[in-house]
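Right, one structure below, let's go through it.
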Amino acid sequence: MPHSHHQRLRRALGALALTVLALAGGGCGRAGSPPVKGPQGSKLPAYRVAKDVSLPGSGTWQAAHRRGHLVVGAKEDQPYMGEKDPASGNYSGFDIEIARMTAASLGFDPRSVRFRTIASANRETALQNGQIDYYVGTYTINDKRKLQVGFAGPYYQAGQGLLVRKDEKAIKGPGDLDGKRVCSAAGSTPAQRISADYPRANLVAYDTYSVCVDNLLTYQVDAVTTDDAILMGYAAKVPDELKLVGKPFSKEPYGIGVPRGDSALRLALDDALAAHEKNGDWKAAYEATLGRSGVPAPQPPAIDRYPAS
Ligand code: GLU
């Protein structure tokens with residue numbers, strides 16, 4: 001195919017894919033496709049703002065307190081988890097609710113949280129240089145990352161999965177990826193796992209998974225790989241075009257990323273998560289967001305209050 005024609009086709013298909021996603025996001029799927037369920041704002045819990053909070057041991061909390069609001073890093077293109085409405089600039093999703101409920105426990109009005117989009121590859125740097133107070137965005141806790149940042153939680157456990165086009169027959173699991181183009185986000189654990197454990201797959205890495213999904217819809221790649229929690233959201237938006245295949249092939253416990261030295265903030269966030277799991281907020285938030293993709297609320301994983309090192 002001549003290059004210019006190819007590019008034109010790609011652009012047209014890309015625009016189509018984005019239109020489909022946008023339409024689906026607006027709740028008006030194409031005729032014949034099931035209505036797509038977005039997060040249900042009206043069902044979201046109202047989190048009680050804790051009074052007289054003081055965290056003298058946390059430099060991060062003190063700076064936020066002086067500023068009057070928290071700045072929280074998040075994703076903006078992950079349906080049901082962290083999604084930004086381009087018209088209003090509002091963020092929604094399960095991760096966003098985790099950020100809001102924990103903010104309330106730290107004494108901040110949850111509506112005052114300022115979200116800042118940070119891609120997978122830039123999370124550690126953003127926490128290290130103080131761009132954000134904490135990060136809630138499908139962030140897997142692991143020992144390597146713990147050398148650079150701290151983690152409260154986990155508050156959810158996902159697992160790596162594969163998203164393919166509906167007409168795909170050859171890819172049923174990670175063992176079928178030899179010679180296939182597999183797209184993931186740079187700096188993510190799923191991308192690292194493909195390079196380490198499935199070296200015969202052709203890994204294509206972008207900043208975000210939504211670019212991968214556009215590339216999948218336009219036949220530039222054969223599969224997208226990341227956490228099932230993220231892939232479920234994309235599949236739900238274009239159910240006629242995309243499907244998840246196989247079983248989860250990793251464990252991805254999600255944590256709240258904090259600056260590494262700030263154990264006071266980390267432990268306060270652990271307390272906050274435990275309290276919201278106990279009082280029903282966690283489950284209600286799940287059901288109004290990620291649960292809309294069809295999976296009932298699981299038991300949250302046990303929180304790991306590890307000692308400072
Ligand atoms: N949970 C994985 C990670 O933290 C994949 C999702 C993401 O990139 O945010 O790397």
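All ligand and atom numbering here is 1-based and tracks the order in the structure. Below, each value reflects all heavy atoms present in this structure, side chains not excepted, and no hydrogens, waters or symmetry copies.
Residue Arg123 has at least one nitrogen or oxygen atom sitting less than 3.5 Å from a nitrogen or oxygen atom of ligand 1, judged on distance alone. The N/O atoms of Asp227, backbone and side chain alike, include one that comes under 3.5 Å of an N/O atom in ligand 1. Residue-to-ligand polar distances place Thr138 within reach of ligand 1: an N/O pair is separated by less than 3.5 Å. In terms of polar-atom proximity, Gln78 is not counted as a contact of ligand 1, lacking any N or O under 3.5 Å from an N or O of the ligand.
Aromatic ring pairs are classed by plane angle as parallel below 30°, tilted from 30° to 60° and perpendicular above 60°; the pair Tyr135 and Tyr139 is perpendicular. The aromatic rings of Tyr156 and Phe94 lie perpendicular to each other, with more than 60° between the two planes, well past the 30° mark.
In this structure, the side chain of Asn215 engages the main chain of Val211 through a donor-acceptor pair within 3.5 Å. Counting only distance, with no hydrogens or angles, the side chain of Ser58 and the backbone of Ala264 share no donor-acceptor pair below 3.5 Å. Remark: the backbone N or O of Pro239 is paired with a side-chain donor or acceptor of Lys166 at under 3.5 angstrom. With Arg292 contributing its side chain and Glu287 its backbone, the two residues share no donor-acceptor pair below 3.5 Å.
The Ile230 neighbourhood of ligand 1 comprises atoms 6 (C), with distances under 4.0 Å to a heavy atom of that residue. Distances below 4.0 Å separate heavy atoms of Thr226 from the following atoms of ligand 1: 5 (C), 6 (C). Contact atoms of ligand 1 toward Ser120: 7 (C), 8 (O), 9 (O) (distance under 4.0 Å to a heavy atom of the residue). Proximity to Tyr139 (heavy-atom distance under 4.0 Å) selects the following atoms of ligand 1: 4 (O). The distance from ligand 1 to the heavy atoms of Ser188 drops below 4.0 Å at these ligand atoms: 8 (O), 10 (O). Interface atoms of ligand 1 facing Lys75, defined by a heavy-atom separation under 4.0 Å, are 7 (C), 8 (O), 9 (O). Using a 4.0 Å cut-off to heavy atoms of Gly137, the atoms of ligand 1 that qualify are 9 (O). Atoms of ligand 1 found under 4.0 Å from any heavy atom of Tyr254 (numbered from 1 in listed order, with element): 1 (N).
Of the listed residues (Ile141, Thr189, Asn142), the one carrying the non-hydrogen atom nearest atom 3 (C) of ligand 1 is Thr189.
At least one heavy atom of Arg145 lies less than 4.0 angstrom from ligand 1. Assignment of Gln192 to the shell around ligand 1 is not supported, since no heavy atom sits closer than 4.0 Å. Put simply, no part of Gln160 is less than 4.0 Å from ligand 1, judged by heavy atoms. Under a 4.0 Å heavy-atom criterion, Pro190 is in contact with ligand 1.
The side-chain hydrogen bond (donor to acceptor under 3.5 Å, both in side chains) check on Glu168 picks up nothing, with sequence neighbours excluded. Partners of Asp197 according to the side-chain hydrogen bond (donor to acceptor under 3.5 Å, both in side chains) rule, which considers only residues two or more places apart in sequence or in another chain, do not exist here.
Leu217 is not listed as a side-chain neighbour of Arg165, based on a closest heavy-atom distance of 4.5 Å or more.
Within 6.0 Å of atom NE2 in His65, 12 or fewer heavy atoms from other residues, nucleotides or ligands are found, so the atom counts as exposed in its surroundings.
Contacts between Ala185 and ligand 1, counted as non-hydrogen atom pairs separated by less than 4.0 Å, are absent for every part of the residue.
For the pair Arg305 and Asp271, the salt-bridge criterion is met [side-chain N within less than 4.0 Å of a carboxylate O].
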